[in-house]
Amino acid sequence: MADKLINPPDYRNDTVLPLPLEVTSNAWAVDAACSGNPGPMEYQCIDLKTGARVFHFGPMYGTNNIGEFLAIVHALALMDKQGITGKTIYSDSHNAILWVSKKQCKTKLERTPKTEHLYQIIARAETWLRTHRITTPIVKWETQKWGEVPADFGRK
(Lines give C-alpha, C1' and ligand atoms only; values in the text may rest on other atoms or scores of the structure.)
Protein backbone atom coordinates (compact mmCIF):
# COMPACT_ATOMS: atom_id res chain seq x y z
CA MET A 1 0.00 0.00 0.00
CA ALA A 2 2.80 2.42 0.87
CA ASP A 3 4.09 2.44 -2.71
CA LYS A 4 0.72 3.73 -3.96
CA LEU A 5 0.76 6.79 -1.69
CA ILE A 6 1.93 10.20 -2.83
CA ASN A 7 3.48 12.94 -0.76
CA PRO A 8 1.50 14.88 0.21
CA PRO A 9 -1.53 12.67 -0.31
CA ASP A 10 -4.45 14.42 -1.98
CA TYR A 11 -6.94 12.69 0.33
CA ARG A 12 -5.39 14.11 3.53
CA ASN A 13 -5.15 17.76 4.51
CA ASP A 14 -3.91 17.09 8.05
CA THR A 15 -0.37 15.90 7.31
CA VAL A 16 2.57 16.26 4.97
CA LEU A 17 3.28 12.51 5.21
CA PRO A 18 1.78 9.74 3.06
CA LEU A 19 -0.29 8.25 5.87
CA PRO A 20 -3.10 5.75 5.38
CA LEU A 21 -6.56 6.98 6.34
CA GLU A 22 -6.71 4.75 9.44
CA VAL A 23 -3.62 6.45 10.93
CA THR A 24 -4.24 9.65 12.87
CA SER A 25 -1.90 12.53 12.11
CA ASN A 26 -2.28 13.90 15.65
CA ALA A 27 0.42 11.47 16.71
CA TRP A 28 4.09 10.74 17.11
CA ALA A 29 5.79 7.67 15.66
CA VAL A 30 8.85 6.13 17.32
CA ASP A 31 11.39 3.61 16.11
CA ALA A 32 14.81 2.24 17.01
CA ALA A 33 17.73 0.94 14.99
CA CYS A 34 20.61 -1.24 16.05
CA SER A 35 23.72 -2.20 14.07
CA GLY A 36 24.05 -5.76 15.27
CA ASN A 37 22.00 -6.96 18.20
CA PRO A 38 23.47 -6.00 20.58
CA GLY A 39 25.38 -3.14 19.02
CA PRO A 40 25.19 0.62 18.53
CA MET A 41 21.51 1.45 19.17
CA GLU A 42 19.60 4.67 18.59
CA TYR A 43 15.99 5.77 18.51
CA GLN A 44 13.91 8.68 17.30
CA CYS A 45 10.44 10.18 17.25
CA ILE A 46 8.69 11.84 14.28
CA ASP A 47 5.63 14.10 14.42
CA LEU A 48 3.07 12.66 11.99
CA LYS A 49 1.44 16.01 11.29
CA THR A 50 4.61 17.86 10.25
CA GLY A 51 7.13 15.10 9.51
CA ALA A 52 9.58 16.84 11.87
CA ARG A 53 11.90 14.93 14.17
CA VAL A 54 10.74 15.45 17.76
CA PHE A 55 13.81 13.84 19.35
CA HIS A 56 16.74 11.54 18.69
CA PHE A 57 18.84 9.56 21.19
CA GLY A 58 22.06 7.63 20.73
CA PRO A 59 23.85 5.77 19.51
CA MET A 60 24.89 3.75 22.53
CA TYR A 61 25.51 0.05 23.00
CA GLY A 62 22.23 -1.84 23.42
CA THR A 63 19.54 -3.80 21.59
CA ASN A 64 16.77 -2.87 19.22
CA ASN A 65 14.04 -3.90 21.70
CA ILE A 66 15.55 -1.70 24.42
CA GLY A 67 15.63 1.20 21.97
CA GLU A 68 11.98 0.64 21.03
CA PHE A 69 11.00 0.56 24.72
CA LEU A 70 12.99 3.69 25.59
CA ALA A 71 11.60 5.54 22.56
CA ILE A 72 8.02 5.03 23.77
CA VAL A 73 8.88 6.06 27.34
CA HIS A 74 10.82 9.09 26.07
CA ALA A 75 7.80 10.16 24.00
CA LEU A 76 5.43 9.67 26.96
CA ALA A 77 7.71 11.62 29.32
CA LEU A 78 8.19 14.46 26.84
CA MET A 79 4.43 14.74 26.26
CA ASP A 80 3.91 14.79 30.02
CA LYS A 81 6.62 17.42 30.58
CA GLN A 82 5.26 19.65 27.81
CA GLY A 83 1.61 19.17 28.79
CA ILE A 84 0.76 17.57 25.45
CA THR A 85 -2.49 15.64 25.52
CA GLY A 86 -4.74 14.06 22.91
CA LYS A 87 -1.91 12.58 20.83
CA THR A 88 -1.30 8.94 19.95
CA ILE A 89 2.06 7.18 19.91
CA TYR A 90 2.72 4.64 17.16
CA SER A 91 5.39 1.95 17.52
CA ASP A 92 6.04 -1.06 15.30
CA SER A 93 7.35 -3.07 18.29
CA HIS A 94 4.92 -5.44 19.95
CA ASN A 95 7.52 -6.25 22.63
CA ALA A 96 8.15 -2.61 23.51
CA ILE A 97 4.43 -1.86 23.79
CA LEU A 98 4.03 -4.89 26.06
CA TRP A 99 7.03 -3.88 28.20
CA VAL A 100 5.62 -0.35 28.59
CA SER A 101 2.21 -1.72 29.61
CA LYS A 102 3.93 -3.93 32.21
CA LYS A 103 6.21 -1.03 33.23
CA GLN A 104 9.28 -3.25 32.90
CA CYS A 105 11.96 -3.71 30.26
CA LYS A 106 12.30 -7.50 30.00
CA THR A 107 15.61 -7.44 28.16
CA LYS A 108 18.06 -10.33 28.27
CA LEU A 109 21.01 -8.05 27.52
CA GLU A 110 23.87 -8.94 29.84
CA ARG A 111 24.58 -6.32 32.49
CA THR A 112 28.27 -5.46 32.18
CA PRO A 113 30.39 -2.32 32.57
CA LYS A 114 29.71 -1.73 28.85
CA THR A 115 25.91 -1.76 29.39
CA GLU A 116 25.73 -0.22 32.88
CA HIS A 117 24.88 3.30 31.68
CA LEU A 118 22.07 1.90 29.52
CA TYR A 119 20.77 -0.10 32.49
CA GLN A 120 20.64 3.13 34.49
CA ILE A 121 18.55 4.74 31.73
CA ILE A 122 16.26 1.69 31.70
CA ALA A 123 15.81 1.93 35.49
CA ARG A 124 14.95 5.62 35.16
CA ALA A 125 12.38 4.81 32.44
CA GLU A 126 10.81 2.04 34.54
CA THR A 127 10.60 4.38 37.54
CA TRP A 128 8.95 7.03 35.38
CA LEU A 129 6.37 4.49 34.16
CA ARG A 130 5.57 3.40 37.74
CA THR A 131 5.17 6.97 38.98
CA HIS A 132 3.08 8.45 36.17
CA ARG A 133 -0.42 7.73 34.95
CA ILE A 134 -0.39 6.94 31.24
CA THR A 135 -3.43 8.06 29.27
CA THR A 136 -1.76 8.40 25.87
CA PRO A 137 -2.83 5.67 23.44
CA ILE A 138 0.11 3.53 22.29
CA VAL A 139 -0.86 1.87 19.02
CA LYS A 140 0.91 -0.88 17.11
CA TRP A 141 2.04 0.38 13.71
CA GLU A 142 0.82 -2.20 11.17
CA THR A 143 3.87 -2.44 8.90
CA GLN A 144 2.34 -5.17 6.70
CA LYS A 145 -0.63 -2.91 5.86
CA TRP A 146 0.89 0.59 6.10
CA GLY A 147 4.55 0.21 5.15
CA GLU A 148 7.44 1.25 7.37
CA VAL A 149 6.70 3.44 10.38
CA PRO A 150 7.57 7.09 9.56
CA ALA A 151 10.26 7.09 12.30
CA ASP A 152 12.09 4.20 10.58
CA PHE A 153 15.81 4.78 10.02
CA GLY A 154 15.63 3.19 6.55
CA ARG A 155 18.62 0.87 6.97
CA LYS A 156 17.06 -2.51 6.16
Side-chain angles (χ1 to χ4, degrees), residues 1-2 17-49 51-82 84-156:
M1 176 177 185
L17 298 175
L19 300 177
L21 285 173
E22 53 269 77
V23 173
T24 179
S25 67
N26 188 25
W28 289 352
V30 297
D31 199 24
C34 195
S35 298
N37 209 20
M41 174 273 296
E42 62 188 313
Y43 63 79
Q44 67 182 352
C45 176
I46 303 297
D47 185 299
L48 295 189
K49 190 172 297 248
R53 180 189 271 176
V54 178
F55 60 78
H56 174 267
F57 177 85
M60 74 181 309
Y61 189 79
T63 68
N64 196 69
N65 279 339
I66 292 171
E68 300 274 5
F69 168 79
L70 292 175
I72 295 171
V73 179
H74 191 150
L76 289 167
L78 186 59
M79 285 181 183
D80 182 66
K81 183 177 183 178
Q82 295 182 352
I84 297 170
T85 59
K87 275 198 189 301
T88 297
I89 295 172
Y90 286 98
S91 169
D92 64 4
S93 174
H94 173 78
N95 285 341
I97 294 169
L98 184 63
W99 292 357
V100 168
S101 73
K102 295 192 177 294
K103 304 178 188 316
Q104 185 177 18
C105 180
K106 301 284 276 183
T107 184
K108 294 180 175 128
L109 179 67
E110 185 179 0
R111 192 167 192 158
T112 67
K114 189 174 186 176
T115 62
E116 185 57 34
H117 182 62
L118 180 61
Y119 265 93
Q120 291 173 11
I121 294 169
I122 291 168
R124 183 175 165 200
E126 290 173 341
T127 297
W128 190 91
L129 288 170
R130 286 191 303 272
T131 58
H132 290 78
R133 186 168 166 259
I134 299 168
T135 58
T136 302
I138 303 168
V139 176
K140 172 76 170 68
W141 182 268
E142 299 296 338
T143 306
Q144 292 284 89
K145 285 172 46 181
W146 304 335
E148 290 296 338
V149 66
D152 185 67
F153 284 86
R155 296 188 194 140
K156 292 176 182 77

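All figures in this text were calculated on a predicted structure; none of them were measured in a lab.
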Participant: Are side-chain heavy atoms of N65 and S93 found at a separation under 4.5 Å?
Facilitator: yes
Participant: Using 30° and 60° as the class boundaries, would you call the ring planes of H74 and F55 parallel, tilted or perpendicular?
Facilitator: parallel
Participant: Which heavy atom in S91 sits nearest to a heavy atom in I97, and how many Å separate them?
Facilitator: O-CD1, 3.8 Å
Participant: Specify the closest pair of heavy atoms between W141 and G147, including all atoms of both residues, with the distance to one decimal.
Facilitator: NE1-O, 2.7 Å
Participant: More than 12 non-hydrogen atoms from neighbouring residues, nucleotides or ligands closer than 6.0 Å to NZ on K114, yes or no?
Facilitator: no
Participant: Evaluate the side-chain proximity of K145 to E22: yes if any heavy-atom separation is below 4.5 Å, no if none is.
Facilitator: yes
Participant: Would a 4.5 Å heavy-atom cut-off, applied to side chains only, mark V30 and Q44 as touching?
Facilitator: no
Participant: So which atom in M41 and which in C34 form the shortest heavy-atom distance, rounded to 0.1 Å?
Facilitator: CB-SG, 4.0 Å
Participant: Between T63 (side chain only) and I66 (backbone N and O only), is there a donor and an acceptor less than 3.5 Å apart?
Facilitator: yes
Participant: Indicate the atoms forming the closest heavy-atom contact of A125 with L70, along with that distance.
Facilitator: CB-CD2, 3.7 Å
Participant: Within a 6.0 Å radius of atom NE2 on H132, are there more than 12 heavy atoms belonging to other residues, nucleotides or ligands?
Facilitator: yes
Participant: State, with a plain yes or no, whether a side-chain heavy atom of L109 is found less than 4.5 Å away from one of L118.
Facilitator: yes
Participant: Is there side-chain contact between S25 and L19, with at least one heavy-atom pair below 4.5 Å?
Facilitator: yes
Participant: Within a reach of under 6.0 Å around NE2 of H117, are more than 12 heavy atoms found that belong to other residues, nucleotides or ligands?
Facilitator: no
Participant: Y119 versus T107: any side-chain heavy-atom pair under 4.5 Å?
Facilitator: yes
Participant: Quick one: closest heavy-atom pair of W28 and L78, and the distance?
Facilitator: CH2-CD2, 3.9 Å
Participant: Donor-acceptor pair, distance only, cut-off 3.5 Å: does the side chain of T136 make one with the backbone of K87?
Facilitator: no
Participant: Of all heavy-atom pairs between P38 and Y61, which one has the smallest distance, and what is that distance?
Facilitator: CG-OH, 3.1 Å
Participant: Working to the nearest 0.5 Å, report the span between CD of E116 and CD1 of I121.
Facilitator: 10.5 Å
Participant: Heavy atoms, side chains only, cut-off 4.5 Å: are L129 and F69 in contact?
Facilitator: yes
Participant: For R111, look at atom CZ and say whether over 12 heavy atoms of other residues, nucleotides or ligands are found less than 6.0 Å away.
Facilitator: yes
Participant: Quick check: does any side chain N or O of E68 sit under 3.5 Å from a backbone N or O of D92, one acting as donor and the other as acceptor?
Facilitator: no
Participant: What's the verdict on side chain to side chain contact (heavy atoms under 4.5 Å, CB included) for V73 and V100, showing C-alpha distance, side-chain angles and the deciding distance?
Facilitator: CA-CA 7 Å; V73 179; V100 168; 4.1 Å; yes
